[in-house]
Amino acid sequence: MTNFFWTFYNNNLFHIIVSAVVACATSITAIPVIINISRLKNLVATPVERSSHEVATPTLGGVAVFASTLISYFLWENPDEGQLIHLSISAIVILFFLGVKDDILILAPKKKMYIQIAASLLVVVLGDLRIENLFGIFGIYSVPYIISLPLTVFVFIALINAVNLIDGIDGLMGGIGMIAGGLFGIWFYLNEHYALACLAASMSGALLGFLRFNFSKTSKIFMGDTGSLIVGFILALFAVRFIQLNIQYRFDPNSTFAAPILAIIVLVVPIFDTLRVFIIRLKNKKSPFVADRNHLHHLLIDSGLSHFQASLVLWSFTVIATLLFVFISRKAENTTSLYLLCALFGLYMFTAHLLKKNNEKHLKKLSNEVKSEEKTSKKKLQSINKEVMKA
């Protein structure tokens with residue numbers, strides 16, 4: 001009986017499941033405390049014109065996600081942990097302090113960018129985490145070291161900020177992070193990269209606990225930059241490591257030749273949405289970094305969907321697109337898959353365009369109705385005034 005218990009206790013799948021459960025429970029326990037402190041110290045987000053919320057809301061949900069993720073990850077000794085995970089934890093801690101300071105004091109964008117680059121360089125240079133191969137996309141395989149360094153840092157910065165940009169409605173960023181973390185975590189577990197699988201499970205569990213409050217009407221909390229920076233970095237870590245581990249696809253039957261395409265498609269919502277809003281802003285001769293309500297999640301909200309419904313649409317899009325490309329990748333070259341990915345982006349752009357046009361028509365109709373009612377009321381008032389004058 002004792003041997004059975006220790007065998008079960010030392011099972012890697014047991015570790016991963018317990019880490020997810022502990023992270024979720026820790027997040028659920030910690031967030032009410034953070035909400036109370038945030039309200040006492042007035043650490044809340046005040047609604048502005050482009051906000052999707054109407055009341056001041058605490059913004060330090062990322063603190064709970066950070067603590068829950070690391071507490072549950074460090075429950076076990078992962079033999080395959082290695083220097084890369086150690087450096088990643090160091091980078092996460094750096095981004096945690098950056099996020100907390102930004103949520104409380106608001107930092108200049110340049111300072112935030114410099115620290116993000118420093119955190120990324122920590123794992124790219126010292127951890128040798130690089131995009132070393134493009135898997136035959138446009139005939140390119142091996143990527144020279146001098147190119148792979150800036151390319152990988154760019155991917156980290158782009159994904160960190162892309163994840164931050166989709167944090168505009170309740171549940172979206174938390175749900176996408178949970179789904180993407182879960183998908184990467186399953187692959188890491190099946191291929192015996194248990195430390196990464198445990199980290200993925202811990203983050204996904206922490207985000208599940210966060211979502212319970214993010215959707216709440218009475219105890220709502222936002223992720224804030226603290227959470228979006230950490231989740232964005234961890235997802236970038238998973239994506240690049242997933243690509244790097246699959247370079248042995250020619251010799252390892254468990255590896256996939258479609259790794260770069262699948263890494264993109266798992267993170268399809270933040271990548272597509274960021275590309276789309278940047279293209280629109282540049283087309284309108286505006287800075288791509290100036291905030292607006294052109295994000296697809298804003299268009300879904302403006303079309304009448306609730307926050308949960310809009311998030312559910314984009315969660316479903318992630319899962320369906322991933323399953324579709326897993327099937328396609330078995331039969332198509334990576335260059336062909338990239339073309340299909342571009343076609344999917346075109347469909348994404350077209351859908352958003354239709355939504356925006358429909359919202360504008362609806363808004364115009366409402367405006368005309370209000371003007372018509374004002375004219376009718378004005379005529380009635382004039383008629384009453386004439387009758388009063390006659391009397």
Side-chain angles (χ1 to χ4, degrees), residues 45 47-54 57 158-159 161-180 211 214-215 217 220 222-223 228 232 235 264-325 328 338-372:
V48 294
E49 187 179 348
R50 61 180 297 272
S51 299
S52 295
H53 62 289
E54 298 176 353
T57 306
L159 286 177
N161 288 282
V163 169
N164 184 39
L165 286 173
I166 66 166
D167 190 21
I169 62 172
D170 296 341
L172 180 56
M173 195 270 277
I176 293 294
M178 181 181 68
I179 292 168
L211 288 174
N214 194 214
F215 282 120
K217 292 183 179 179
K220 184 181 290 297
F222 294 152
M223 185 79 73
S228 63
L235 291 178
I264 292 171
I265 208 69
V266 168
L267 300 169
V268 66
V269 170
I271 291 172
F272 275 16
D273 195 61
T274 301
L275 280 174
R276 180 184 162 273
V277 295
F278 274 30
I279 289 169
I280 290 173
R281 289 169 188 173
L282 290 171
K283 182 184 174 184
N284 294 333
K285 297 180 180 179
K286 295 180 180 178
S287 169
F289 303 103
V290 174
D292 54 30
R293 284 186 62 85
N294 267 317
H295 296 279
L296 183 58
H297 52 264
H298 287 141
L299 298 179
L300 290 170
I301 292 293
D302 292 342
S303 67
L305 296 185
S306 67
H307 284 229
F308 176 76
Q309 290 170 334
S311 293
L312 183 61
V313 167
L314 295 172
W315 296 346
S316 302
F317 175 60
T318 299
V319 174
I320 293 169
T322 301
L323 294 175
L324 177 65
F325 270 80
I328 290 173
L338 183 62
Y339 288 143
L340 291 173
L341 190 62
C342 291
L344 184 63
F345 178 63
L347 181 62
Y348 186 93
M349 292 280 287
F350 182 67
T351 302
H353 174 73
L354 290 180
L355 273 173
K356 189 171 183 178
K357 289 294 182 184
N358 186 60
N359 290 345
E360 287 173 352
K361 284 181 181 178
H362 182 65
L363 188 63
K364 189 175 181 181
K365 184 180 177 182
L366 287 176
S367 179
N368 290 335
E369 287 177 357
V370 169
K371 287 179 180 178
S372 178

Taking every non-hydrogen atom, the tightest pair across Leu267 and Ala180
CD2-CB, 3.8 Å
Could you tell me the separation between the CG atom of Leu300 and the CD1 atom of Ile169, rounded to the nearest 0.5 Å?
7.0 Å
Output for pair (Asn161 CG, Ile166 CD1), nearest 0.5 Å, gives 12.0 Å
For Leu299 versus Arg276, what's the shortest heavy-atom pair and its separation?
CD1-NH2, 3.4 Å
Heavy-atom closest pair, residues Ala162 and Pro270:
CB-O, 3.6 Å
Which distance, rounded to the nearest 0.5 Å, do you find between the CD1 of Ile279 and the OG1 of Thr274?
11.0 Å
Distance-only check: which donor-acceptor pairs under 3.5 Å involve side-chain atoms of residues 341-357, not counting sequence neighbours?
{"residue": "Tyr348", "atom": "OH", "partner": "Asp273", "partner atom": "OD1", "Å": "3.4"}
{"residue": "Thr351", "atom": "OG1", "partner": "Leu347", "partner atom": "O", "Å": "2.8"}
{"residue": "Lys356", "atom": "NZ", "partner": "Asn294", "partner atom": "OD1", "Å": "2.7"}

Quick one: does Leu235's side chain get under 4.5 Å of Leu159's, heavy atoms only?
no
Can you name the one residue among Val269, Asp167, Asn214, Leu165 that meets side chain to side chain contact (heavy atoms under 4.5 Å, CB included) with Met173?
Asp167
Using residues 310-322 as the side-chain source, report each donor-acceptor pair under 3.5 Å to any protein atom, sequence neighbours left out, with the distance given to one decimal.
{"residue": "Ser311", "atom": "OG", "partner": "Asp170", "partner atom": "O", "Å": "2.8"}
{"residue": "Ser311", "atom": "OG", "partner": "Leu172", "partner atom": "N", "Å": "3.2"}
{"residue": "Ser311", "atom": "OG", "partner": "His307", "partner atom": "O", "Å": "3.1"}
{"residue": "Trp315", "atom": "NE1", "partner": "Gly171", "partner atom": "O", "Å": "3.3"}
{"residue": "Ser316", "atom": "OG", "partner": "Leu312", "partner atom": "O", "Å": "2.8"}
{"residue": "Thr318", "atom": "OG1", "partner": "Leu314", "partner atom": "O", "Å": "3.1"}
{"residue": "Thr322", "atom": "OG1", "partner": "Thr318", "partner atom": "O", "Å": "2.7"}

Atom CG of Asn359 and atom NZ of Lys361: how far apart are they, to the nearest 0.5 Å?
11.5 Å
